[in-house]
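Everything numeric in this text was worked out from a predicted model, so none of it was measured. Numbers restart at 1 for each chain; the letters A, B, ... are given by sequence-line order, proteins then strands.
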2 protein chains.
Amino acid sequence: MQHWIFDREAEMLASWQEAMPTARILSRSEVSNIPGGEPGILWCRLRSGEAMDDVLSAIHGAPRYPLVLFCDEPSDAIVMKALEAGAAGCCNTHAAPEVLRQVALVVGNGGLWVGQSLLRQLVGSTARTLGQRSREEKRDDWAQLLSEREVQVARLVAGGASNKEVASQLSITERTVKAHLGAIFEKLSLRDRLQLSVRVNGLTV
Amino acid sequence: MQHWIFDREAEMLASWQEAMPTARILSRSEVSNIPGGEPGILWCRLRSGEAMDDVLSAIHGAPRYPLVLFCDEPSDAIVMKALEAGAAGCCNTHAAPEVLRQVALVVGNGGLWVGQSLLRQLVGSTARTLGQRSREEKRDDWAQLLSEREVQVARLVAGGASNKEVASQLSITERTVKAHLGAIFEKLSLRDRLQLSVRVNGLTV
DNA sequence: TCGGCTATTGAACCAAAGTACAGTCCGCCG
DNA sequence: CGGCGGACTGTACTTTGGTTCAATAGCCGA
């Protein structure tokens, strides 16, 4: 499996090198150098601020290998657009080597690579369309793992409150707030209040 | 990576054996024999005519490993249902060993496995909806007040990243991240990263 | 009644976040 | 040209967040 990586600048990242030792990095004007025939994947980097259309049109003349987009700032909207434009996948430019290898494996076998968050969203939105389960059940799964008091603390913290503010609102000491937060982090396997916020507010991460 | 396979009858298929030589096959009553702790995957076979609810409830008491459903008669509807029930994936009972290895790889790393046809369908059917939604909730008012670089920092922090992680991703020092954050807080009249997360992720406080 | 869970709090500690006060380098614009 | 804003970095500092040792007290089911 041969890999060709396109970037505005011929800059090989360490993670790429590790995941694809035989990869060749090319500037976009060197598209015509790619041979056809052997199995391979095209990777194309979309840097911050670049227009996807420009990037895609730049490699328009390349042989028909599966295309994976490297996004400096990935978002579900970008992934969707890339897939609609015919790409086989889209992943973070700075993804870990193991992830890249996995992407290559899937895409190389004719599959599509979709990030976790988008996949969850797709599954969720279709489920809603089919009108089966309520979306609240999944959103509140974190709440079901916590005690009543912990849920109160979690909601306030996720809304942006400091420990002191939570303490004041609930008429307890800051120390107790910390104790509750510790229990919450433990139960939900979270690192800090930021991740709690993300979890509670249902962000796609 | 340890694999446990559940089936009504303890019948190990050749393809399973080849893909997962160390797998242990168990009848559904032996759920309690599974240890926790080591990394692993539960595979559970849904034979023709069996009710998914019965199968899933049978392994209800098992430790929390990712679950993959083996379907004798897979359909997109079944896959959707399995994912909704919390499974990490669903594939044909008689899938080729290479496919099984790939499923194991993805699921073992915390991913979801969705078959190609369903994935294509999901992408196609929800493209419009998703695009619209992301356009609506875009609410770039915060982004328009910030410089390009600050938007990058804001997105990463709002997603739950620490200063160190942001610094690593953007290849700058932690100090610079703090500088950007300071400017962001000033411009958006925010107090800390938590409030930033709330603002960026569009919570209705 | 006893063990387990929850709620509460304290002291002490370390790490992370954020601020204050600096500076350099670059491109743009009047 | 000189001023301005953005990106970037440094040292030193304060504040907040989170953890590790505790402890007390109430409730509930076995």
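Remark: Asp192(A) engages Leu194(A), Gln195(A) in a side chain to side chain contact (heavy atoms under 4.5 Å, CB included) (not counting sequence neighbours). Checked against salt bridge (Lys or Arg N to Asp or Glu O under 4.0 Å), Arg47(B) has the following partners two or more places apart in sequence or in another chain: Asp7(B), Glu11(B). With sequence neighbours excluded, the residues that form a side chain to side chain contact (heavy atoms under 4.5 Å, CB included) with Arg149(A) are Ser147(A), Gln152(A), Leu170(A), Ile172(A), His180(A).
A 6.0 Å sphere centred on NZ of Lys164(B) holds no more than 12 heavy atoms belonging to other residues, nucleotides or ligands.
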Exercise. Output, in order, the C-alpha distance, side-chain angles, deciding distance and verdict of side-chain contact (heavy atoms from CB on, under 4.5 Å) for Cys91(B) and Leu100(B).
Key: CA-CA 8 Å; Cys91(B) 70; Leu100(B) 295 183; 3.9 Å; yes

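Side-chain contact between Cys71(B) and Arg45(B): absent, with no pair of heavy atoms (C-beta onward) separated by less than 4.5 Å.
A distance-only check finds no donor-acceptor pair linking the side chain of Arg101(B) to the backbone of Met20(B) [under 3.5 Å]. Although no hydrogens or angles enter the test, the distance criterion places no donor-acceptor pair under 3.5 Å between the side chain of Arg199(A) and the main chain of Ala158(A).
Aromatic ring orientation, Phe70(B) versus Trp16(B): parallel (interplanar angle below 30°, classes split at 30° and 60°).
Residue Gln195(B) contributes atom CD, which lies 14 Å from atom C1' of dT16(D) at whole-angstrom precision.
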Quiz prompt | Letter per nucleotide, 5' to 3', of nucleotides 23-30 of chain C [B base touched, S only sugar-phosphate touched, - untouched; heavy atoms, 4.0 Å] | solution = --------

Practice problem: Treat primed atoms plus P, OP1 and OP2 as sugar-phosphate and everything else as base, then score nucleotides 23-30 of chain D 5' to 3': B for base contact with protein heavy atoms under 4.0 Å, S for sugar-phosphate contact only, - for none. | Solution: --------

Exercise. Mark up nucleotides 5-18 of chain C, 5' to 3', with B wherever a protein heavy atom is under 4.0 angstrom from a base atom, S wherever such an atom reaches only the sugar-phosphate, and - elsewhere.
Key: -SSSBBB-----BB

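A salt bridge does not link Glu150(A) to Arg155(A): none of the charged nitrogens lies less than 4.0 Å from a carboxylate oxygen.
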